[in-house]
Visitor: 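Would you mind keeping the following structure in view while I ask a few things?
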Amino acid sequence: QGCQDKNFELRLRLLRRVAEMSDMELPDLQDQKAPNLYAKTDLLKAISEFFNDALPRMGFQEDHFWTNIRIIMCMACCGFGCYAQFMLKFPKDQIYIALCVAGYFAFTGLVALIDYFVIKTSVICIKVGGDSVFVDVTMTQFSSDVELRLRSPGNKTVSHKCSIGNFFDSDGYLVQENLNADFTALVKQYEKAKSGTKGGEKKKDK
């Protein structure tokens, strides 16, 4: 009975792996081009647009939690501003105007904190193995190196650093196959790190 259970588990893992590999095949996408190969903004924009177009079509589920929180806070900022502008009169309602100004800056500060500590340089947030994972793309100033990073709120992080020339040809077109290959390897590395962490936790429980 134990051997049958192990064989069934192995077959199940194999089927899952095959399904994952099929889901992560590169879909047919429009070519992305960086107008200026020496402009950091153009390069990061092309990579960002690739991930936003490709990952949902590769079977990755997007996680909009923090994006929705950010939108709600921005709406609150607009609400404070519009109410103070169109509904209140100075100096009659100066106390309420002051409260609206305070509320506006409070929510603006919260948005800034979310951008700085949570979203950071993320271009998209997806689900990987049940975790909400941010896909970060960063380039150091005055450097040709680009870093791809998968980062979860639980402080699990894996990264890959290489030359930006690996992802763009001489005409500025994004080499999607190379970027997809590096991203796929990064996902596997993250899943491996996650399974290793779970294994360590199980040993501690025992």
Side-chain angles (χ1 to χ4, degrees), residues 8-32 43-76 110-139 146-162 166-167 174-205:
F8 177 76
E9 186 178 350
L10 288 173
R11 290 196 194 103
L12 186 61
R13 287 181 180 177
L14 181 60
L15 289 173
R16 285 177 178 171
R17 176 58 61 186
V18 171
E20 288 172 1
M21 292 301 294
S22 62
D23 287 341
M24 294 177 70
E25 291 179 357
L26 184 64
D28 186 18
L29 300 171
Q30 183 180 1
D31 290 337
Q32 299 289 344
L43 297 171
L44 293 179
K45 181 182 177 183
I47 295 176
S48 173
E49 289 179 352
F50 167 79
F51 280 133
N52 279 277
D53 290 343
L55 297 189
R57 296 172 64 178
M58 290 166 61
F60 289 99
Q61 178 186 352
E62 288 189 69
D63 187 346
H64 300 287
F65 175 78
W66 285 106
T67 305
N68 291 338
I69 294 294
R70 192 180 186 281
I71 290 173
I72 291 171
M73 290 186 175
C74 289
M75 289 175 63
L110 290 174
V111 171
L113 290 175
I114 289 175
D115 287 345
Y116 187 80
F117 290 105
V118 180
I119 297 178
K120 297 183 180 180
T121 58
S122 169
V123 298
I124 191 173
C125 185
I126 57 175
K127 291 284 188 178
V128 177
D131 292 345
S132 295
V133 177
F134 291 98
V135 180
D136 293 338
V137 182
T138 57
M139 283 189 70
V146 60
E147 184 176 9
L148 307 179
R149 184 187 304 110
L150 297 183
R151 168 178 54 84
S152 70
N155 294 325
K156 288 193 291 289
T157 303
V158 294
S159 61
H160 171 70
K161 193 172 185 179
C162 64
N166 293 349
F167 300 145
L174 181 69
V175 184
Q176 299 178 3
E177 293 79 8
N178 291 352
L179 183 55
N180 181 61
D182 285 355
F183 174 78
T184 302
L186 205 56
V187 170
K188 292 179 181 178
Q189 184 181 346
Y190 180 89
E191 292 175 338
K192 185 177 180 181
K194 180 183 176 183
S195 62
T197 302
K198 285 186 175 180
E201 289 176 355
K202 288 182 180 178
K203 289 181 180 179
K204 288 181 180 179
D205 293 339

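Position 1 is the first residue of the sequence, and the numbers go up from there.
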Visitor: How long is the straight-line distance from CD1 of I114 back to CE of M73, given to the nearest 0.5 Å?
Guide: 4.0 Å
Visitor: Is there side-chain contact between F50 and F167, with heavy atoms separated by less than 4.5 Å?
Guide: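 In short, these two side chains do not touch, never coming nearer than 4.5 Å.
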Visitor: Taking C-beta and beyond as the side chain, do T67 and I69 meet within less than 4.5 Å on heavy atoms?
Guide: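 T67 vs I69: side chains apart.
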Visitor: Taking C-beta and beyond as the side chain, do E177 and V175 meet within less than 4.5 Å on heavy atoms?
Guide: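 Result yes, sub-4.5 Å side-chain heavy-atom pair found.
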Visitor: So for atom CD, which belongs to Q61, do other residues, nucleotides or ligands contribute more than 12 heavy atoms lying within a distance under 6.0 Å?
Guide: no
Visitor: Does any N or O in the side chain of T184 come within less than 3.5 Å of the main-chain N or O of N180, such that one atom is a donor and the other an acceptor?
Guide: yes
Visitor: Look up atom CZ in F65 and atom SG in C125, then write down how far apart they are to the nearest 0.5 Å.
Guide: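 One gets 10.5 Å once the value is rounded to the nearest 0.5 Å.
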Visitor: Which atoms form the tightest heavy-atom contact between S159 and Q189, and what is the distance?
Guide: O-OE1, 4.3 Å
Visitor: Identify the heavy atoms of P153 and S132 that sit nearest to each other, and give their distance.
Guide: CD-O, 3.1 Å
Visitor: Which distance, rounded to the nearest 0.5 Å, do you find between the OG1 of T157 and the CZ of R151?
Guide: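 It is 7.0 Å, given to the nearest 0.5 Å.
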Visitor: What are the two closest non-hydrogen atoms of V111 and C74, and how far apart are they?
Guide: CG2-SG, 4.2 Å
Visitor: To the closest 0.5 Å, what do you measure between CG (L150) and NZ (K188)?
Guide: 13.5 Å
Visitor: Check whether any side-chain heavy atom of V137 lies under 4.5 Å from a side-chain heavy atom of V146, and answer yes or no.
Guide: yes
Visitor: How long is the straight-line distance from CE of M75 back to CG of N68, given to the nearest 0.5 Å?
Guide: 11.0 Å
Visitor: Can a salt bridge be assigned to the pair R57 and D28 using a cut-off of 4.0 Å between side-chain N and carboxylate O?
Guide: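 Looking at R57 and D28, the cut-off is not met.
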Visitor: Mind checking whether D31 and Q176 have side chains closer than 4.5 Å, heavy atoms only?
Guide: yes
Visitor: Look only at the side chain of Q30 and the backbone of D53, and say whether a donor-acceptor pair between them is shorter than 3.5 Å.
Guide: no
Visitor: Could you pull out the closest heavy-atom pair between A193 and V158, with the gap in Å?
Guide: CB-CG1, 4.4 Å
Visitor: Do D182 and N178 have side chains that approach each other closer than 4.5 Å (heavy atoms only, starting at C-beta)?
Guide: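 No. Closest side-chain heavy atoms not under 4.5 Å.
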Visitor: How about F60 and F183: are their ring centres within less than 6.0 Å of each other?
Guide: yes
Visitor: Looking at K120 and D136, is any side-chain nitrogen of the basic one under 4.0 Å from a carboxylate oxygen of the acidic one?
Guide: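 The answer is no: the pair does not qualify as a salt bridge.
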Visitor: Evaluate the criterion side-chain contact (heavy atoms from CB on, under 4.5 Å) for residue pair L186 and Y190; output intermediate values, then yes/no.
Guide: CA-CA 6 Å; L186 205 56; Y190 180 89; over 6 Å; no
Visitor: Using side-chain heavy atoms (C-beta onward) and a distance below 4.5 Å, is I47 in contact with V123?
Guide: no
Visitor: Is the closest side-chain heavy-atom distance between F51 and L179 below 4.5 Å?
Guide: yes
Visitor: Using 0.5 Å steps for rounding, measure from the CG atom of N52 to the CD atom of E62.
Guide: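 The CG atom of N52 sits 6.5 Å away from the CD atom of E62.
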Visitor: Just by distance, do the side chain of D63 and the backbone of K127 share a donor-acceptor pair under 3.5 Å?
Guide: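 Checked: no pair found.
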Visitor: Apply side-chain contact (heavy atoms from CB on, under 4.5 Å) to the pair D115 and R70, showing each step before the final yes or no.
Guide: CA-CA 9 Å; D115 287 345; R70 192 180 186 281; 2.7 Å; yes
